[in-house]
Amino acid sequence: MPTWQERITRDTEPAIRVEHDLRYRYAQPAIAGAKLWCDLGCGNGVAAAAAVPEGFGGEILLVDVDAGALALAAQELEGARTQHANLSDPGDVAKLAAELAGKGTVVTCFEVIEHLETFVPLVEMLESLKGATVVMSVPNDAFWATENPHHRTMWGEGAFAELQSLLPEGHTVVSQLQLNGSAIAEDGDGRVPTHFLASWGGDAPPAVRDVVATDLDEQRDWVRRREADLSFYRVAYEQVLKEKDELTKLVREHFARFDEWRSYIHELERRLGLPLSGVSADESPRELPAASDDA
Amino acid sequence: MKVAFLVNDLQLSGGIGVVVRHARGLATHHDVDVSLVLVRDWDLPHWSGYDDLPHLHVISLEEARDQRFDVAVATWWETTFSLFTVPAKRYAYFVQSLEDRFYEHDQAERVVAGLTLDLPVAFITEARWIQRTLAELRPDSACHLVRNGIDKDVFASPDSLEPNVADPLRILIEGDPTVWFKGVKDAALAAAAVSEPRRVTVVTGQPEALGADVDHVVTHVPHREMAALYADTDVVLKLSRVEGMFGPPLEGFHMGATCVTTEVTGNDEYIEHGRNALLVDWDDRTGTTRQLELLARDRRLLHELRCNALATAHGWPGWDQSTQFMALALRRIAASRQPDATRAAAAMMADLRGGMEQYSVHLQERLEFAREAAKLEKVKSLPGVAQANRARQTRFGRLAERLMRRLMGR
């Protein structure tokens, strides 16, 4: 079940935290040589603090719309400047632009755009920053069709292609992947194993390292198919029950008619002094099937 | 920023609807002064289908010529004829389809519509396949991608779908059967041939041209009613030969309908065969009927496709997001240099030469047909033949002809 926790803290789910950490690690080589590193949408500054390269001598500017988060970020990164800014506001963005333009500036902007009421001022500013290095990211919401209540815009391959058509020439694009699967390792790489394997004898497999990643596309299909099947079979089952009830009702009606008819025949047989027909055990009507309510 | 969108008219249609949506959004949320410039005078009193167009100026070409815009945008190939007469710092072309394909191969419009893509303008387009094509045709010119949004208020998706377990398969076809590339007649015939229980609804402005036995025909449907129709649909059937961004099935997806479609341009934006829709071959009416019958029989598959279609719709942006990209594209175009006219002219002249060669081939074909026709006319005018022909037109002649045919077993 998604927690929709958008602020990264030390209590954030490790799987989400590692995603954020990796993005900052990706930008680290660029940050290392920066005169000014500006982290847009820094939040609590937890991920940024972990990304500060050792011996970093540049200036750090932390920007966020949440004053409380900025105060925490200032504690995480001692000596960093903070700036309160609404990145949907052209005025706030223009003030930042004046500060960020110039060689030696590195701007990181991870998972920010999708939260903005309008991303026009920010994207326009980022793509027009002269001399600066920009590293940014957006999520792939469309793949999972997730409707994150905190996201104002929906991002996926198509939306990213739209964004790309606006980015400066020569920009590079990489994909961030979720690693999910299973690995066999001789020493477990210091991680907690899910299973223990043992082998012996002449044909025992050699000590190998093997990794199989889950195909997320297939995983998505599997999840959706299961959900679709469950809802389909639930309704189909209800339909069958309904049909069964209708049939039971019909059979009951037939039995009732049969009983009437038998009573009439018996009445005639009594008047004529004949033995009553259909009274032996093998001629008795079978037990009525139960309706679904009785089941 | 002051922007002019050149339009032929403001009649309710897919292409114009997209322009109006962007124009409204730009004016309302992005502080853009937008004018819709009607390039045809006679259309001025005829704009309809939109409740109102607040914040927008609807002006004539003459009025536009007295102003100066930051960007003037052509929105249909014919509007490029007037584009450069509107004073603007930059010129752009919003390409919603490769419009030359709307015409048959020997129509003059086909060549000219194609030539307009050689103009020295920046491009904006709504589908990745057009963006890729333009990048190949015009590598010298910027091409910004701005996909169409979906009106999420009108096409408001349900939270979950009720499976159609036992009711007849609900098939919906929309489009004009008189437009050759829409494939509406073929679709109606394919659906009518489904042998399983089915209910076929056709939404069209030209019901008399349908030529197929369907269950319901609905005409002149506004957007909200269209959404209700999609919500009461299992499968949208599209056999188009030409599409731009391919909007209708996506609207159907939002309301929980899957799609059976040809592999028409634009389908790759969101259609995934076997996952959220089924693809059929070109000109394969029987195959299309079989796919529909498959869905009519396999209700589990139908439900899976519908659920995945709905999930695809969840991932598609609304108009607000789309217009943000349009705002960015226009700002970028306004801030960029105008594309090199020399390179554009070179591309245009090369295409013009190609067009002329094509025209010569067509002319040659027509001349040959004319020569053949003249020969036939000569034969027909020979004394004996002419008399025989005249005799055939009489009552006795027609009787004799019928008798002869019977005797010859034809």
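Protein chains get the first letters and strands the later ones, always in sequence-line order, with residue 1 at the start of each.
Below 30°, between 30° and 60°, or above 60°: for Tyr93(B) and Phe123(B) the angle between ring planes is between 30° and 60°, a tilted geometry. The aromatic rings of Phe325(B) and Phe119(A) are tilted relative to each other, their planes meeting at an angle between 30° and 60°. Ring planes of His115(A) and His151(A): perpendicular class, angle over 60° (limits at 30 and 60°). Tyr230(B) and Phe155(B) have tilted rings, their planes meeting at an angle from 30° to 60° on a 0 to 90° scale.
In terms of heavy-atom pairs under 4.5 angstrom with chain B, the leader among Ala142(A), Ala236(A), Gly158(A) is Gly158(A). When each of Arg331(B), Arg275(B), His303(B), Glu269(B) is scored by its heavy-atom pairs under 4.5 Å with chain A, the top score falls to Arg275(B). Per-residue heavy-atom pair counts under 4.5 Å with chain A were compared for Arg147(B), His30(B), His314(B), and the maximum is reached by Arg147(B). Contact count versus chain A (heavy atoms, under 4.5 Å) is highest, among Asp320(B), Val165(B), Leu161(B), Leu302(B), for Val165(B). Of all the listed residues (Glu169(A), Met154(A), Glu117(A)), the one sharing the greatest number of non-hydrogen pairs under 4.5 Å with chain B is Met154(A).
Leu167(A) touches chain B through its backbone: at least one of N, CA, C or O sits under 4.5 Å from a heavy atom, while the side chain does not. The contact between Ala166(B) and chain A is made entirely by side chain atoms (from C-beta outward), counting heavy-atom distances below 4.5 Å. For a residue to count as touching a neighbouring chain, one of its non-hydrogen atoms must lie under 4.5 Å from one of that chain's; by this rule Arg306(B) does not touch chain A. With a 4.5 Å cut-off on non-hydrogen atoms, Phe143(A) does not touch chain B at all. For chain A, the nearby part of Glu272(B) is the side chain; its heavy atoms alone come within less than 4.5 Å. Only the side chain of Asp221(A) comes within less than 4.5 Å of a heavy atom of chain B; its backbone N, CA, C and O stay farther away. Of the atoms belonging to Arg152(A), not a single heavy atom falls under 4.5 Å from chain B.
The pair Arg21(B)-Asp151(B) counts as a salt bridge, with a side-chain nitrogen and a carboxylate oxygen less than 4.0 angstrom apart. A salt bridge does not link Arg128(B) to Asp268(B): none of the charged nitrogens lies less than 4.0 Å from a carboxylate oxygen. Comment: Lys89(B) engages Asp70(B) in a salt bridge, judged by a side-chain N to carboxylate O separation of less than 4.0 angstrom. At a threshold of 4.0 Å, the pair Asp245(A)-Lys242(A) does not count as salt-bridged, since none of the basic side-chain nitrogens sits closer than that to a carboxylate oxygen. A salt bridge does not link Arg198(B) to Asp234(B): none of the charged nitrogens lies less than 4.0 Å from a carboxylate oxygen.
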### Message
Set out, in order, the CA-CA distance, both residues' side-chain angles and the distance that settles side-chain hydrogen bond (donor to acceptor under 3.5 Å, both in side chains) for Asn276(B) and Thr312(B), then state yes or no.
### Response
CA-CA 8 Å; Asn276(B) 57 18; Thr312(B) 303; 3.0 Å; yes

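Aromatic ring centroids of Phe5(B) and Phe94(B) lie 6.0 Å or more apart.
By the 6.0 Å contact criterion, CD on Glu157(A) is open, its count of non-hydrogen atoms from other residues, nucleotides or ligands being 12 or less.
Residues from residues 124-136 of chain A that place a non-hydrogen atom less than 4.5 Å from a non-hydrogen atom of chain B comprise Glu124(A), Glu127(A), given in numerical order.
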